[in-house]
Amino acid sequence: MACEAGAFTGRDVVVYYAISCPEVQPSNGDYTRLGMMRGKTTGAEWETADATADMSAAFTQENLVTYKNISFSGDGVTRKEDVYAQNALKRHVYNPPAETSNQPYVWLKIISPNDITEGPFMVTSWEDEAPHDDVATWSIEASSAGQVDVRDVGAVITITTQPQNRTLTVGDNLTLTVAANVSDGSSLTYQWKKDGSDITSATAATFTKSSVAEEDAGSYTCQVTSSTAGSVTSNPATVTVNAA
């Protein structure tokens, strides 16, 4: 019988992000995993005000807390694959869109075996490093932009395999696959969608369609649901169908 392990490693901490304004909390399905991370750091720091006066006991300085700042920093390995999501976040930091008032706002959800930290942040620093003799890396720093919540860990769905883009010819067979797990081991259900609409009877982890036609081209996603952890949606897979 193995002894119970009380410690956990950095690999056990997962970071998700969603581009959204501070006052609009994303749903679980809006979050994307920020992948290939090597280090993650969170912290809380309070600003203080000097409250010392002539009645302070024993000539001791007194302070009151005023504002707090929740900070996040991390670094990761640069990869070309979009599935790791750092490129989309980098572009948001460089050129924040009008949808976030031209500010680099993001919501972060940092899940560890101990707790979940979730809230709006403003990305204050993004850096890419490409040394001559080491792997190319990136790093990020962010400060809270509103109420950041720390709560107990609930069940979490993690998509481990995303559906991939496909290029087919009319008459070919289409197969798309998603793989996921949930932290409490509860059962999962699946619903495939094409261009945002449910596909009838497409409720398995693998979606197949025989003899595709040109109208089957589009953007496909899979919504994965657990009764204890809500729902998450896979990355979209673009299916292109060329004439025979």
Side-chain angles (χ1 to χ4, degrees), residues 10-22 24-42 71-111 117-145 156-167 176-180 193 195-196 217-224 231-240:
R11 179 176 292 224
D12 300 321
V13 180
V14 181
V15 179
Y16 295 87
Y17 80 93
I19 295 173
S20 183
C21 294
V24 181
Q25 182 171 358
S27 65
N28 286 338
D30 293 329
Y31 279 99
T32 300
R33 180 168 180 169
L34 188 56
M36 295 305 294
M37 296 195 72
R38 301 197 300 184
K40 311 108 176 178
T41 302
T42 55
S71 62
F72 168 78
S73 62
D75 67 277
V77 179
T78 297
R79 299 292 289 266
K80 293 185 294 185
E81 296 91 334
D82 287 341
V83 69
Y84 298 107
Q86 71 263 25
N87 287 341
L89 181 55
K90 174 183 176 179
R91 283 150 180 70
H92 175 64
V93 175
Y94 271 58
N95 298 293
E99 289 77 7
T100 57
S101 301
N102 302 113
Q103 303 292 315
Y105 290 128
V106 297
W107 277 70
L108 295 177
K109 181 184 286 188
I110 303 142
I111 302 174
T117 301
E118 182 179 16
F121 287 78
M122 176 176 287
V123 180
T124 57
S125 174
W126 179 280
E127 183 175 278
D128 289 297
E129 182 176 359
H132 174 70
D133 58 353
D134 196 4
V135 66
T137 62
W138 56 270
S139 60
I140 182 176
E141 294 181 0
S143 295
S144 53
V156 178
I157 298 172
T158 301
I159 295 180
T160 56
T161 301
Q162 299 281 356
Q164 301 298 305
N165 297 339
R166 298 293 308 277
T167 299
L176 296 171
T177 300
V178 69
K193 300 174 182 284
D195 298 328
S219 178
Y220 288 76
T221 58
C222 185
Q223 185 179 64
V224 184
S231 299
V232 297
T233 300
S234 72
N235 293 340
T238 300
V239 174
T240 302

Just jot down the side-chain hydrogen bond (donor to acceptor under 3.5 Å, both in side chains) partners of [X], sequence neighbours excluded, or say none.
X    : answer
R79  : none
Y84  : none
D30  : S27
K109 : N28

So, using side-chain contact (heavy atoms from CB on, under 4.5 Å) as the criterion, who are the partners of [X] when residues are at least two apart?
X   : result
R91 : N87
S20 : V24, P26, W107
V13 : F8, K40, I110, S112

Is the shortest side-chain heavy-atom distance between T137 and D75 below 4.5 Å?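 Sidechains of D75 and T137: no contact.
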Would you check if T117 and F72 make a side-chain contact, meaning some heavy-atom pair closer than 4.5 Å?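 No. Closest side-chain heavy atoms not under 4.5 Å.
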Could you tabulate the donor-acceptor pairs under 3.5 Å formed by side-chain atoms of residues 156-163, not counting sequence neighbours?
residue, atom, partner, partner atom, Å
T160, OG1, A179, O, 3.2
Q162, OE1, N235, N, 2.7

Can any side-chain N or O of T100 pair as donor or acceptor with the backbone N or O of Y105 at less than 3.5 Å?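 Not at all, since once roles are kept as given, no pair shorter than 3.5 Å links the two residues.
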Can you name the nearest heavy-atom pair linking [X] to [Y], along with the distance?
X    : Y    : answer
G74  : M37  : CA-CE, 3.9 Å
A237 : Q164 : CB-O, 3.5 Å
L89  : Y17  : N-OH, 3.5 Å

Out of L176, D195, V178, N165, which residue meets the side chain to side chain contact (heavy atoms under 4.5 Å, CB included) rule with Y220? L176
For K193, give me all partners under salt bridge (Lys or Arg N to Asp or Glu O under 4.0 Å), at least two apart in sequence or on another chain. D198
What side-chain donor-acceptor pairs closer than 3.5 Å can you find for residues 121-131, not counting sequence neighbours?
residue, atom, partner, partner atom, Å
T124, OG1, E141, O, 3.3
W126, NE1, D128, OD2, 3.3
D128, OD2, K90, NZ, 2.8

So, taking the atom named OH in Y16 and the one named CG in L34, what distance separates them when rounded to the nearest 0.5 Å?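 One finds 11.0 Å between OH of Y16 and CG of L34.
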